[in-house]
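Report on the following structure.
Please read these numbers as outputs of a predicted model, since none were measured by experiment.
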Amino acid sequence: MFVAASKQHVYLMAFAKFAVLASMGELMVMRLMSGDWRLPVGMLWRMIVWGFLGILIALMFNVNAAGVKAVMAKGLLPNFGGSFSFALATSVVTNCFFAPAFMALHRVSDTCIEMGEGKLMKMVALRRIEIFQRIDWAGFIDFIICKTVPLFWIPAHTITFMLPPEYRVLMAAMLSIVLGVILGYRKAK
């Protein structure tokens, strides 16, 4: 049933997988930081954002996988045979070209939810410049982009792209739990 639903309802399933699993990562961060199980500010909004990010991930995973296959077929990317070179190339392309913008969008949405205290009217009233100024962009680039992308996401998504397509988004959603634990541990330190 899971495989059939993942094939027939790609975006709906991506929304559900990320809304649930990535939100579990957020809960783990709160647990690690506070020592208690509690909901982060605006948890419903965070789940909705995660769901839409899941749709975006499903789209980009398919676009990037198809693009890498096409470029490899033309001989414009190395292909050492087997699924590993495809998976590695797709992971590198995904994480170098899509991930930074995706992660920045997510950082902006999280900051908006936090600054608006999870209340829609407060979030809508925020000026973009206020949100952008609140974000630690140097820390974002140094840790998230320069460390998690090459050391975590590229290896993890290499494994992800070795899986059948219907399991890739699920794996990415589960990896968001792992990253949530890593980030929670870093924040707690």
Side-chain angles (χ1 to χ4, degrees), residues 14 17-35 40-43 46-47 49-65 67-68 71 77-78 80 83-115 128 130-163 167-189:
K17 291 170 196 173
F18 267 85
V20 172
L21 293 173
S23 296
M24 288 174 60
E26 300 238 10
L27 294 172
M28 295 293 290
V29 169
M30 291 300 292
R31 170 81 170 128
L32 288 170
M33 288 179 59
S34 70
V41 171
M43 187 63 190
R46 291 175 188 274
M47 289 181 76
V49 167
W50 270 120
F52 281 107
L53 293 175
I55 291 170
L56 191 57
I57 287 169
L59 172 66
M60 294 312 298
F61 273 18
N62 283 295
V63 167
N64 292 338
V68 166
V71 172
L77 272 177
F80 306 110
S83 62
F84 180 75
S85 58
F86 161 76
L88 177 61
T90 307
S91 180
V92 168
V93 166
T94 299
N95 284 292
C96 290
F97 297 105
F98 168 67
F102 163 80
M103 292 174 181
L105 174 64
H106 190 224
R107 181 63 55 101
V108 169
S109 68
D110 274 358
T111 303
C112 179
I113 291 167
E114 289 165 14
M115 289 176 69
R128 284 184 305 273
E130 294 173 296
I131 298 167
F132 298 151
Q133 288 173 338
R134 176 75 64 94
I135 297 170
D136 173 15
W137 291 109
F140 171 79
I141 291 169
D142 180 56
F143 184 74
I144 301 297
I145 302 301
C146 294
K147 291 187 176 116
T148 68
V149 167
L151 300 175
F152 178 76
W153 286 116
I154 289 176
H157 280 151
T158 299
I159 295 166
T160 300
F161 284 107
M162 291 178 79
L163 297 172
Y167 291 101
R168 292 176 186 164
V169 173
L170 176 64
M171 177 69 162
M174 289 191 298
L175 288 170
S176 68
I177 296 172
V178 174
L179 185 63
V181 171
I182 292 168
L183 294 176
Y185 179 72
R186 182 174 182 264
K187 285 182 183 180
K189 285 181 78 175

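Annotation: side chain of M171 is not in contact with side chain of K17 (no heavy-atom distance under 4.5 Å). Counting only heavy atoms from C-beta outward, the side chains of I55 and F18 never approach each other to under 4.5 Å. The closest side-chain heavy-atom distance from I144 to P100 is not below 4.5 Å. With contacts defined as side-chain heavy-atom distances shorter than 4.5 Å, the pair L21/L170 qualifies. Within the 4.5 Å cutoff, no side-chain heavy atoms of K147 are placed close to those of F152.
With D142 contributing its side chain and A138 its backbone, the two residues share no donor-acceptor pair below 3.5 Å. For T90 (side chain) and A87 (main-chain N/O), no donor-acceptor pair under 3.5 Å exists by modelled atom type. Formation of a donor-acceptor pair under 3.5 Å by the R168 side chain with backbone atoms of L163 is found in this model. The backbone N or O of I154 sits less than 3.5 Å from a side-chain atom of S91, completing a donor-acceptor pair. Although no hydrogens or angles enter the test, the distance criterion places a donor-acceptor pair under 3.5 Å between the side chain of W137 and the main chain of F132.
Taking CZ of F140 as the reference point, atom CD1 of I135 lies at 8.0 Å (rounded to 0.5 Å). In this structure, CD1 in I131 is found 6.0 Å from CE in M115, a value given to the nearest 0.5 Å. Separation of atoms CZ (F52) and OG (S109) is listed at 12.0 Å; rounding is to 0.5 Å. Atoms CZ and CE, on R31 and M24 in that order, are 14.0 Å from each other to the nearest 0.5 Å. In this structure, CD1 on I141 lies 9.5 Å from CG on D136, to the nearest 0.5 angstrom. Here the CG-CZ distance, from L27 to R46, works out to 10.0 Å after rounding to the nearest 0.5 Å.
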> side-chain contact (heavy atoms from CB on, under 4.5 Å) between L88 and F80: does it pass, once the steps are laid out?
Replying inline: CA-CA 11 Å; L88 177 61; F80 306 110; over 6 Å; no
> How far apart are the C-alpha atoms of W50 and H106, what are their side-chain angles, what is the distance that settles it, and do they pass the side-chain contact (heavy atoms from CB on, under 4.5 Å) test?
Replying inline: CA-CA 8 Å; W50 270 120; H106 190 224; 3.1 Å; yes
>> Could you walk me through whether T94 and M60 satisfy the side-chain contact (heavy atoms from CB on, under 4.5 Å) test, starting with their C-alpha distance in whole Å, then the side-chain angles of each, then the deciding distance to 0.1 Å, before giving a yes or no?
In response: CA-CA 8 Å; T94 299; M60 294 312 298; 5.7 Å; no
> Run the side-chain contact (heavy atoms from CB on, under 4.5 Å) check on H157 and L175 step by step: do they pass?
Replying inline: CA-CA 9 Å; H157 280 151; L175 288 170; 3.9 Å; yes
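Annotation: F97, atom CZ; neighbour count of heavy atoms from other residues, nucleotides and ligands within 6.0 Å does not exceed 12. Within a 6.0 Å radius of CZ in F98, other residues, nucleotides and ligands contribute more than 12 heavy atoms.
Here F61 and F161 bring their ring centres to under 6.0 angstrom of each other.
Taking all atoms of both residues into account, the shortest heavy-atom contact from S85 to P78 is CB-O, 4.4 Å. Between P150 and C146, the closest heavy-atom pair is CG-O, 3.1 Å. Nearest heavy atoms, G54 versus A14: O-CB, 3.4 Å.
Between R107 and the choices T111, L105, D110, the side chain to side chain contact (heavy atoms under 4.5 Å, CB included) rule is met once, by T111.
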